[in-house]
Amino acid sequence: MKKVLILILLVVILGACSQQENDTSGERHEGIIIDIEKNTFDEIKYIVLSLPSVEDIDISNKTREELIGLAQENDGVFYHLNQEEYEEIDLEIGKRIVGYYSAVGESNPPVLFTDKIEVFSQ
């Protein structure tokens, strides 16, 4: 019985430690929106692609695939927003944003699961 309790205690402690290591709440990412795609597969969602900087990068006349390639090479990220969130903050290509996120999805470029996005005044 003691061994079972010790084993359970170890599992709980190790589980809590691994959750703390993966907890990224409070993280933030700044960037400039380079692409927005409306996805209506299941429900209306907006997929926003952002780069930390567009200095020395020409994003004009690029296809979506080329923009994703630029994001992969330049620490870009995706944000997924529902229609209400998207309309509330009035996002447009070229706007500088900061996204606060609590989790990172495995993709290339990564998806940041946002708690909040703010638009910088320009």
Side-chain angles (χ1 to χ4, degrees):
M1 182 71 170
K2 270 187 174 179
K3 289 181 183 179
V4 172
L5 288 174
I6 290 172
L7 183 57
I8 291 171
L9 184 58
L10 282 174
V11 169
V12 170
I13 290 171
L14 291 175
C17 288
S18 78
Q19 283 180 346
Q20 287 177 351
E21 290 172 9
N22 294 330
D23 184 12
T24 56
S25 64
E27 296 290 326
R28 58 182 269 147
H29 185 275
E30 286 188 37
I32 297 170
I33 297 172
I34 63 167
D35 188 59
I36 300 172
E37 180 180 71
K38 186 176 181 178
N39 178 358
T40 57
F41 178 67
D42 234 0
E43 61 182 84
I44 296 176
K45 287 206 182 254
Y46 290 84
I47 302 168
V48 176
L49 183 59
S50 171
L51 286 178
S53 171
V54 292
E55 288 181 28
D56 303 321
I57 298 175
D58 179 18
I59 63 169
S60 63
N61 299 319
K62 300 275 190 229
T63 66
R64 179 164 175 73
E65 289 73 29
E66 290 171 325
L67 292 171
I68 290 171
L70 285 172
Q72 291 169 336
E73 297 167 3
N74 295 285
D75 298 321
V77 298
F78 284 116
Y79 296 102
H80 290 197
L81 304 168
N82 64 36
Q83 185 165 356
E84 183 179 315
E85 292 169 321
Y86 176 80
E87 290 173 354
E88 189 174 294
I89 49 183
D90 190 33
L91 297 179
E92 295 175 6
I93 292 173
K95 284 192 175 181
R96 177 167 286 284
I97 59 171
V98 60
Y100 300 91
Y101 60 95
S102 56
V104 179
E106 291 187 33
S107 70
N108 189 12
V111 175
L112 301 184
F113 297 101
T114 58
D115 298 323
K116 180 180 180 181
I117 291 181
E118 294 177 342
V119 176
F120 282 102
S121 300
Q122 295 192 5

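Here, residue 1 is the first one in the sequence, and each next residue gets the next number.
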Contact check, side chains of [X] and [Y], non-hydrogen atoms, under 4.5 Å:
X: Ile93; Y: Ile33; value: yes
X: Tyr79; Y: Leu91; value: no
X: Ile57; Y: Glu73; value: no
X: Val119; Y: Asp90; value: no
X: Lys38; Y: Tyr86; value: no

Qualifying residue, where the test is side chain to side chain contact (heavy atoms under 4.5 Å, CB included) with Val77 and the options are Ser107, Pro52, Pro110: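 Testing each of Ser107, Pro52, Pro110 against Val77, the sole residue satisfying side chain to side chain contact (heavy atoms under 4.5 Å, CB included) is Pro110.
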
Assess whether a salt bridge exists between Lys62 and Asp35, defined as any Lys/Arg side-chain N lying under 4.0 Å from an Asp/Glu carboxylate O.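 Looking at Asp35 together with Lys62, the answer is no, because their closest N to O distance does not fall below 4.0 Å.
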
Going by the side chain to side chain donor-acceptor pair (under 3.5 Å) test, which pairs reach into residues 44-56, not counting sequence neighbours?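 As it turns out, there is no side chain to side chain donor-acceptor pair (under 3.5 Å) pair with a partner in residues 44-56 once direct neighbours are skipped.
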
State, to 0.1 Å, how close [X] and [Y] come at their nearest heavy-atom pair, and which atoms those are.
X: Ile32; Y: Gly94; result: CG2-O, 3.7 Å
X: Asp75; Y: His29; result: O-NE2, 3.5 Å
X: Phe78; Y: Arg64; result: CE2-NH2, 3.8 Å
X: Asp115; Y: Tyr101; result: OD2-C, 3.8 Å
X: Glu66; Y: Asn61; result: OE1-O, 4.1 Å
X: Leu70; Y: Asp58; result: CD1-O, 4.2 Å

Let me confirm one number: the [atom1]-[atom2] distance from [X] to [Y], rounded to the nearest 0.5 Å.
X: Ile34; Y: Ile59; atom1: CD1; atom2: CD1; answer: 6.0 Å
X: Glu37; Y: Ile68; atom1: CD; atom2: CD1; answer: 7.5 Å
X: Thr114; Y: Ile97; atom1: OG1; atom2: CD1; answer: 9.0 Å
X: Glu88; Y: Asn82; atom1: CD; atom2: CG; answer: 9.0 Å

Partner residues of Gln72 under the side-chain hydrogen bond (donor to acceptor under 3.5 Å, both in side chains) criterion, sequence neighbours left out: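 Partners of Gln72 under the side-chain hydrogen bond (donor to acceptor under 3.5 Å, both in side chains) test: none.
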
Apply the test side chain to side chain contact (heavy atoms under 4.5 Å, CB included) to residues Val111 and His80: give CA-CA distance (whole Å), side-chain angles for both, the deciding distance (0.1 Å), then the verdict. CA-CA 7 Å; Val111 175; His80 290 197; 3.9 Å; yes

Could you go through the side chain to side chain contact (heavy atoms under 4.5 Å, CB included) check for Leu49 and Ile36 one step at a time? CA-CA 6 Å; Leu49 183 59; Ile36 300 172; over 6 Å; no

Asn74 side chain vs Gly76 backbone, donor-acceptor pair below 3.5 Å: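 Such a contact is absent between Asn74 side chain and Gly76 backbone.
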
